[in-house]
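On a predicted model such as this, the values are computed, not experimentally measured, just so you know. Numbers restart at 1 for each chain; the letters A, B, ... are given by sequence-line order, proteins then strands.
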Amino acid sequence: MGKHKEKSHKKDRDRHGEGSSKRKRDSSPEDEYAKMEKERLRDLKERDEFAERLKQRDQDKTKKIADKTNTKSYEEAAKRLKMEALDRDSMLPKLRIESRRQYLAKRKEEKVDELEADIRDDEYLFDEGSLTKREREEREYKKRVLHLAKEHDKARELVNIQRYHIPEGKKGEEEKYVEVDEREKVPHSEQRKWEEEQMSSAQFRFGAKDAAKKRSQEDYDMILDDEIEFIQALQKPGNLKKDDIEEISETMKKKMSIEDTKKSLPIYAFRDDLIKAIKEHQVLIIEGETGSGKTTQIPQYLHEAGFTEDKKKIGCTQPRRVAAMSVAARVAQEMGVKLGNEVGYSIRFEDCTSERTMIKYMTDGTLHREFLSEPDLQSYSVMIIDEAHERTLHTDILFGLVKDIVRFRTDLKLLISSATLDAEKFSGFFDDAPIFRIPGRRFPVDIYYTKAPEADYIDACVVSVLQIHVSQPLGDILVFLTGQDEIEACQELLTERSRRLGNKIKELLILPVYANLPSEMQAKIFEPTPPGARKVILATNIAETSLTIDNIIYVIDPGFCKQNNFNSKTGMESLVVVPISKASANQRAGRAGRVAAGKCFRLYTAWAYAHELEECTVPEIQRINLGNAVLMLKALGIRDLMNFDFLDPPPHESLVLALEQLYALGALNHEGELTKLGRRMAEFPVDPMMGKMLLASEKYKCSEEILTIAAMLSVNSSLFYRPKDKAIHADTARKNFNAQGGDHLTLLNVYNEWAQSDYSTQWCFENYIQHRSMKRARDVRDQLSGLMQRVEIKMESSPSETINVRKAITAGYFYHIARLGKGGQYKTAKHNQTVTIHPNSSLFEELPRWVLYHELVVTTKEFMRQVTEIESKWLLEVAPHYYQARELEDSTNKKMPKVVGKSKSQLAGAAGML
DNA sequence: GAGCACTGC
């Protein structure tokens with residue numbers, strides 16, 4: 001077998017060698033160059049012809065009929081709107097309870113005063129001796145009641161620390177209270193001093209130790225044993241006061257008309273000024289806090305001010321799909337039009353717009369993609385980039401693109417809407433564009449820090465939850481953790497400890513939520529809390545921006561999150577737990593002030609907040625693989641990427657890596673121009689390697705199979721469901737899908753079997769597969785299938801053929817190759833890095849000599865995920881410019897090359913052969 | 001023998 005392999009390698013090598021020597025004999029360097037140049041020009045011509053065909057086809061298709069809103073997507077959106085209305089209705093009772101509570105507290109205060117006065121008067125007026133027995137008893141009773149009431153208050157005072165408001169400074173300077181001398185930053189003694197200073201102004205022992213002990217000492221001993229000391233350091237001021245709660249619930253009771261609601265929004269007062277500012281300036285930064293109504297109102301104001309005349313649209317981008325849909329639905333309702341007609345939205349898999357659409361909401365990624373067919377945004381009169389402070393990859397790239405466009409499209413208005421922190425920065429980027437400030441609407445949140453750092457924050461979370469539960473008024477708790485493990489661990493601990501306390505404490509509902517949790521379990525967090533009980537929601541970052549949960553009064557923030565980082569030197573991704581940024585911490589705190597005044601408990605010290613947390617999270621563009629983004633920019637005709645106007649430029653290595661990879665894949669020619677292949681690849685919303693794989697499937701006549709594999713690889717790895725109690729069953733179910741050849745073919749198996757079951761939910765359930773992921777794979781597959789036709793590729797299938805399928809995969813992923821070395825370890829072909837097959841792979845125990853992997857992820861080790869066995873000779877077939885025969889010799893061969901992989905110069909030289 | 005935060009096209 002080994003011999004045979006060696007022989008075939010030799011043949012390959014010879015053939016290859018022969019080919020190149022023949023070329024050398026036949027042509028002089030000049031001829032070679034001329035040929036290359038001719039080839040390049042021919043390719044460019046073909047590319048432009050292809051682009052022209054695309055444009056033509058797009059124009060023919062644009063005729064959309066307004067009727068198409070009678071589709072599933074419209075119903076979906078309508079349903080969502082209805083749900084939103086229900087939410088609002090369900091909020092009413094809560095608001096009522098809150099105002100009732102406040103009313104009662106006030107009433108109690110009055111009654112106590114009354115009682116006190118009563119007794120005083122009574123004692124003053126009547127001497128003890130002159131009273132009857134009944135009168136004496138009554139006076140005693142009154143005194144006892146008063147004493148109890150006062151004791152009760154005293155106990156509460158220890159809990160409700162004296163709040164103080166930070167003096168109203170300039171906006172955006174809430175945090176400036178930290179006035180530590182620069183010189184004092186370093187030593188720990190100064191830190192302690194500072195902490196103490198902060199403490200002297202406001203301190204309390206969380207859990208009201210004394211009071212609680214008086215109430216029922218033995219009950220809480222268990223909890224108080226390890227109580228955490230918190231210090232209140234500041235209040236994140238809201239602009240709603242307590243009385244406003246009553247006001248809102250009153251007005252809401254009246255069932256505000258749409259017009260009234262619009263007028264009640266903070267932005268309403270700024271309407272005319274805003275329109276004026278937009279007319280005067282081409283670019284405007286809108287600094288709007290949450291709840292100002294900017295997202296729904298500004299497009300309507302602009303529409304009313306005539307910005308939709310001349311058949312031009314107003315566009316507004318959102319970072320999330322749900323936001324784009326629900327905001328569009330809301331605006332359609334406010335304007336009294338049918339969603340999809342005058343007001344519409346466009347997101348991946350769903351285009352709910354027509355040619356009548358004047359206000360169009362979309363995700364930032366959709367606009368990014370729209371640039372390919374309309375690079376000058378000709379059909380828009382205004383473009384609003386909302387939530388710009390979130391700094392998604394797409395908004396960051398859009399900044400550079402729109403900044404360029406406004407230079408020559410002087411009629412285009414540009415609005416960048418952002419939270420407070422970044423407004424100045426955006427203004428600076430857009431040539432000192434003016435900033436327009438709109439206040440928001442939110443409740444104050446008291447912020448507490450721990451006195452000392454907490455070593456075990458999971459345990460600290462559990463203790464804090466119990467402390468809040470026994471000592472604080474009702475209201476749900478939201479805990480931010482980093483991932484599924486932590487959530488499960490915390491859930492276990494909390495359940496156990498609250499069970500031990502039994503009925504000494506009120507009911508505590510513990511609910512986890514993270515993205516990979518099945519949707520029906522996620523839905524539980526939205527169910528109303530039973531009376532007298534308290535909900536604790538253990539969430540990942542999903543609750544920071546994506547989900548809003550009502551009735552949260554308390555937030556516990558350990559100060560960490562998981563972040564994906566891409567190392568552009570090694571091409572490896574790693575998911576690591578990192579401290580959050582200040583911006584993130586404040587976003588989390590804000591989650592406590594949505595329905596009433598709230599409290600946020602930070603499990604780190606105030607000093608750590610002030611000195612150890614970064615201001616803002618590193619923008620996505622500096623942390624991820626830019627392959628697809630660079631390809632898009634190239635397709636948009638941006639030649640000089642190194643000098644592209646980024647708000648925050650990505651690391652130089654990231655760009656270089658992306659360009660090199662595109663070049664090796666054949667998407668760019670040696671001049672750095674986009675090739676026809678590259679132009680076709682850019683049409684796919686996938687990583688360039690996957691794009692290349694899809695296009696290569698044409699040659700290997702297996703586009704159907706490759707399409708499925710691409711779709712399955714696109715769903716994140718939450719495909720297999722593995723509940724702890726049924727882990728063995730889940731593992732066997734999984735192994736049943738294993739295919740000869742590796743994980744890519746296993747994924748193909750899974751999809752095909754699911755398709756055969758007629759896309760059954762039951763089938764997924766029986767096989768421990770997440771139905772949601774499969775549905776997504778189907779959506780992706782449908783979309784990619786449409787794009788295959790768009791780039792003129794025939795759909796073909798070769799069901800019994802796995803070699804061709806694997807060759808097509810290799811044609812895209814020849815960058816991702818590893819070989820088994822002598823020591824039984826895999827080394828990557830490119831960087832000679834030691835890597836390991838992931839234990840979940842079907843090849844985990846097989847260890848083939850040559851493998852291709854879909855991705856490399858660092859966790860406890862450098863793991864290859866989604867691995868497929870290949871033959872090294874395929875590499876010469878699919879990427880002869882990238883691999884040389886001698887590199888691919890068997891590692892058992894004595895003539896094993898010392899250097900594996902290539903230097904840049906070799907690569908550039910190899911390009912000549914293209 | 002590990003264990004995947006969150007979006008988006």
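For A:Gln484, whose side chain is taken as the heavy atoms from C-beta onward, the closest listed nucleotide among B:dA5, B:dG1, B:dC9 is B:dA5. Closest approach to the A:Lys562 side chain among B:dA2, B:dG8, B:dC4 is made by B:dC4 (side chain taken as heavy atoms from C-beta onward). Which of B:dA2, B:dC4, B:dA5 sits closest to the side chain of A:Arg865 comes down to B:dC4. Ranking B:dC4, B:dC6, B:dG1 by closeness to the A:Leu575 side chain, first place goes to B:dC4. Considering only the side chain of A:Thr366, B:dC9 comes nearest among B:dC9, B:dA2, B:dC6.
Following rounding to the nearest Å, A:Asp779 (CG) and B:dC9 (C1') show an atom-to-atom distance of 13 Å. Rounded to a whole Å, the CD atom of A:Glu620 is 12 Å from the P atom of B:dT7. Rounding to whole angstrom units, CG of residue A:Asp396 and P of B:dG8 are separated by 17 Å.
Regarding contacts with the backbone of B:dC9, a side-chain N or O of A:Thr363 is found under 4.0 angstrom from either OP1 or OP2. Residue A:Ser546 has no polar side-chain atom (N or O) positioned under 4.0 Å from OP1 or OP2 of B:dC6.
For the salt bridge (Lys or Arg N to Asp or Glu O under 4.0 Å) test, no residue two or more places apart in sequence or in another chain qualifies with A:Glu573. With sequence neighbours left out, the salt bridge (Lys or Arg N to Asp or Glu O under 4.0 Å) criterion links A:Arg588 to A:Glu544, A:Asp557.
Residue A:Phe349 is classed as having no contact, given no heavy-atom separation below 4.0 Å to the nucleic acid. A:Ile347 comes within 4.0 angstrom of sugar-phosphate atoms only, judged by non-hydrogen atoms across all strands, and of no base. Heavy atoms of A:Asn840 sit under 4.0 angstrom from at least one base atom. Contact annotation for A:Phe863: backbone-only contact, meaning every heavy-atom pair under 4.0 Å involves sugar-phosphate atoms and none involves a base. Nucleic acid contact class of A:Arg320 (heavy atoms, under 4.0 Å, all strands): sugar-phosphate only.
A:Glu390 and A:Thr545 form no side-chain donor-acceptor contact under 3.5 Å, judged by distance and modelled atom types alone.
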